[in-house]
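Okay, structure first, notes after.
Residue numbering restarts at 1 for every chain, and letters A, B, ... go by the order of the sequence lines.
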2 protein chains.
Amino acid sequence: MDSLATARFRRFARAVTAEVGALDTSFLGRGRPLGAARVLNAIGAGRAEVGEIRAYLGLDSGLMSRLLRGLEEEGLVTTAPHPADARRRVASLTEAGRREFEAYEALSDARAVALLERASHADDLLRAMDRVALVLGQEAIAIQETDPTSEPARACLAAYYAELAARFAGGFDVALSCDPEAVDMVRPRGAFLIAVADGVPVGCVGLTGRGGPVAEIKRLWVDPAARGLGVAKRLMQAAESAARDLGIRTLRLDTNSALSEAMALYRRSGWVEIDRFNDDPYPDHFFEKAL
Amino acid sequence: MDSLATARFRRFARAVTAEVGALDTSFLGRGRPLGAARVLNAIGAGRAEVGEIRAYLGLDSGLMSRLLRGLEEEGLVTTAPHPADARRRVASLTEAGRREFEAYEALSDARAVALLERASHADDLLRAMDRVALVLGQEAIAIQETDPTSEPARACLAAYYAELAARFAGGFDVALSCDPEAVDMVRPRGAFLIAVADGVPVGCVGLTGRGGPVAEIKRLWVDPAARGLGVAKRLMQAAESAARDLGIRTLRLDTNSALSEAMALYRRSGWVEIDRFNDDPYPDHFFEKAL
DNA sequence: AGAGATATCTGACTAAAGTCAGGCATTATG
DNA sequence: CATAATGCCTGACTTTAGTCAGATATCTCT
């Protein structure tokens with residue numbers, strides 16, 4: 001660890017506290033102390049159980065209780081006993097509370113937009129921010145199943161096609177490729193999985209079935225900012241597990257030698273190379289795995 | 001500005017506040033409230049005037065005054081009237097105050113090291129952090145003259161040579177190149193300039209004179225994380241201005257077409273291409289500029 | 001059913017941060 | 001040289017955050 005590294009880290013911390021601190025204090029400015037605003041926003045973000053919010057915000061139980069009472073008196077929050085355990089309480093926003101939460105959200109978004117519009121190289125800045133966020137918070141990347149036509153799925157696929165176009169010497173045209181139908185990637189025939197970090201999709205994989213015991217893995221992609229963190233491996237494991245659920249016995253996939261990280265991953269995880277099994281012009285390597 | 005951009009920014013803010021906030025609260029743990037610790041650290045970081053500290057930390061004048069009194073009673077700080085304006089006051093650390101400041105510094109460094117050691121891909125993480133810090137805080141990049149054998153200058157040059165080795169098809173060996181003597185880059189013959197962001201060097205340029213009216217620009221380098229922010233242009237302007245100071249009338253430089261950004265910069269800023277003027281094996285383009 | 005654990009609430013505190021009006025030198029300005 | 005402005009200080013507040021010791025209701029386990 002060279003001594004410059006700590007200086008670089010601290011330079012980063014200084015640059016960022018100024019901006020991010022401003023984002024935090026934007027929680028003020030709606031006539032409510034920070035503590036109460038944080039609780040309101042935690043509830044708005046989906047945290048319902050009082051104990052969970054308390055742990056998340058690191059609050060003393062007495063303080064938490066008083067903040068909740070305050071929000072209740074403002075008419076923003078209601079609490080009720082937990083249906084399965086009446087010692088615990090669950091909080092939820094009232095109509096007015098939801099409006100107030102949305103006002104906080106709008107404030108945060110406006111701050112973000114203002115900063116990004118002010119910065120030169122916003123694209124590049126966002127990529128660097130993604131990398132920092134993902135490496136620091138890598139435990140927060142979750143794999144979830146979604147419809148292949150959903151908004152986050154389409155965002156992943158667009159990025160995937162753009163990357164193929166950039167990496168294949170002759171470009172990439174999805175119309176020339178064996179593009180699976182969306183219906184083949186929805187249960188019961190198949191599945192579509194995405195990796196999500198804090199609401200932002202960072203990777204995807206499709207399991208394409210045709211109703212029989214053989215299915216294909218298609219469209220494995222991971223955001224460059226999330227590479228090296230084991231996301232592709234987790235996506236593949238989740239796809240295999242979904243395949244077993246669907247009664248699939250054999251998985252196949254095709255790929256291109258330009259995608260060296262993907263090839264290495266397949267070889268590491270029990271896939272064996274087989275002969276060409278389709279006439280898609282893009283792939284030059286074919287793999288199979290028995291489940 | 002797509003809506004995902006604000007989500008990505010806010011993901012970054014969340015990931016970072018957890019870590020950077022921890023760095024901030026490391027200011028506690030020395031038995032002093034945060035406010036007093038922040039004032040002490042501001043003085044230690046070189047801020048002397050009370051009004052300046054007040055503005056920097058955003059404190060009320062009454063609060064500021066009390067915090068200063070507290071630090072004085074602890075024997076960590078002394079204040080004196082400003083020599084040019086006795087209404088203003090300047091604060092400085094006592095011997096004990098300096099020791100206490102250094103203890104805070106050590107604490108911050110330890111936090112930084114702990115985080116970087118915990119993170120996978122620390123190198124890559126630091127590069128992304130550099131990019132974020134530099135784009136956000138680009139106004140804080142300062143150009144300064146230094147000895148070419150100083151620690152930061154050597155760090156820049158090592159990075160410069162490493163980059164040439166990576167970008168030249170046949171590699172780069174400094175021993176084969178026309179390497180200028182350090183003494184030719186020190187006044188009165190020449191100069192060496194570095195760009196510094198918050199204590200970390202991010203770029204350099206050498207002005208190599210031989211005592212006559214002609215000098216050469218050598219070793220222009222900018223940290224990849226700081227590119228696109230106008231640092232190279234500012235370094236070149238500072239070098240030209242130093243050359244004028246030294247009575248130089250004509251500047252020359254050699255470069256290689258693999259360094260396309262540099263070539264573009266020279267063409268943009270009034271340099272004209274001339275014939276080869278040395279037998280260095282690496283350059284393939286030669287430029288001149290009259291001052 | 002009873003003992004102990006758990007989750008939240010209430011009351012009574014303290015510490016820290018922040019606000020505001022006025023005071024006192026000192027300096028700038030007409 | 002009088003007047004206004006500036007920079008800092010002091011005293012008297014309020015608000016916010018945080019702590020801690022019970023109280024209360026509920027659940028788990030035997």
Side-chain angles (χ1 to χ4, degrees), chain A residues 17 21-22 24-43 47-74 76-92 100 104, chain B residues 17 21-22 24-43 47-74 76-92 100 104:
Chain A
T17 35
D24 222 49
T25 53
S26 81
F27 266 23
L28 278 70
R30 292 196 64 78
R32 204 181 333 276
L34 191 58
R38 295 212 302 156
V39 171
L40 180 70
N41 278 277
I43 300 171
R47 272 166 238 271
E49 286 192 32
V50 170
E52 188 196 351
I53 299 170
R54 214 154 60 69
Y56 172 64
L57 299 177
L59 295 174
D60 174 85
S61 91
L63 181 51
M64 176 72 199
S65 186
R66 258 178 284 272
L67 291 173
L68 263 183
R69 281 311 79 66
L71 290 170
E72 278 186 313
E73 269 159 40
E74 274 195 88
L76 303 177
V77 165
T78 52
T79 61
H82 190 286
D85 179 351
R87 289 171 305 181
R88 290 185 278 166
R89 310 215 93 208
V90 288
S92 57
E100 194 62 19
Y104 280 112
Chain B
T17 35
D24 222 49
T25 53
S26 81
F27 268 21
L28 277 70
R30 291 195 64 76
R32 205 181 331 277
L34 190 59
R38 295 211 304 155
V39 170
L40 180 71
N41 278 277
I43 300 171
R47 270 166 239 272
E49 287 192 30
V50 170
E52 188 196 351
I53 300 170
R54 215 153 60 68
Y56 172 63
L57 298 177
L59 297 174
D60 174 84
S61 95
L63 182 50
M64 176 72 199
S65 186
R66 259 178 283 271
L67 291 173
L68 263 182
R69 281 312 78 66
L71 291 170
E72 279 186 313
E73 269 160 40
E74 275 195 88
L76 304 176
V77 165
T78 52
T79 62
H82 190 286
D85 179 350
R87 289 171 303 182
R88 289 185 279 166
R89 311 214 93 207
V90 288
S92 57
E100 194 62 19
Y104 278 112

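Counting to the nearest Å, the P atom of C/dT8 and the NE2 atom of A/H82 are 10 Å from each other. For the pair B/L63 CG and D/dT16 C1', the computed distance is 14 Å after rounding to whole Å. At whole-Å resolution of the value, CG in B/D85 and C1' in C/dT27 are 6 Å apart. Taking atom CZ on B/R32 and atom P on C/dA17, their separation rounds to 12 Å, with Å as the unit. Across the protein-nucleic acid pair, B/M64 atom CE and D/dC9 atom C1' stand 12 Å apart, rounded to whole Å. One can place CZ of A/R87 at 6 Å from P of D/dT28, the figure rounded to the nearest angstrom. Rounded to whole Å, the distance from CG on A/L57 to P on D/dA17 is 12 Å. The interatomic distance linking B/R54 (CZ) with D/dT6 (P) rounds to 13 Å, in whole Å.
Within the 4.0 angstrom heavy-atom criterion, base atoms lie near B/D60. Counting any heavy atom pair closer than 4.0 Å across all strands shown, B/R69 reaches sugar-phosphate atoms only and no base atom.
Regarding contacts with the backbone of C/dT6, every side-chain N or O of A/R88 stays at 4.0 angstrom or more from both OP1 and OP2.
For the pair A/E74/A/L71, a side-chain contact is recorded, criterion being any heavy-atom separation below 4.5 Å from C-beta on.
Minimum heavy-atom separation, B/I53 to B/A48: CD1-O, 4.1 Å.
Taking 3.5 Å as the limit, the base of D/dG18 and the side chain of A/R66 contain no donor-acceptor pair of atoms between them.
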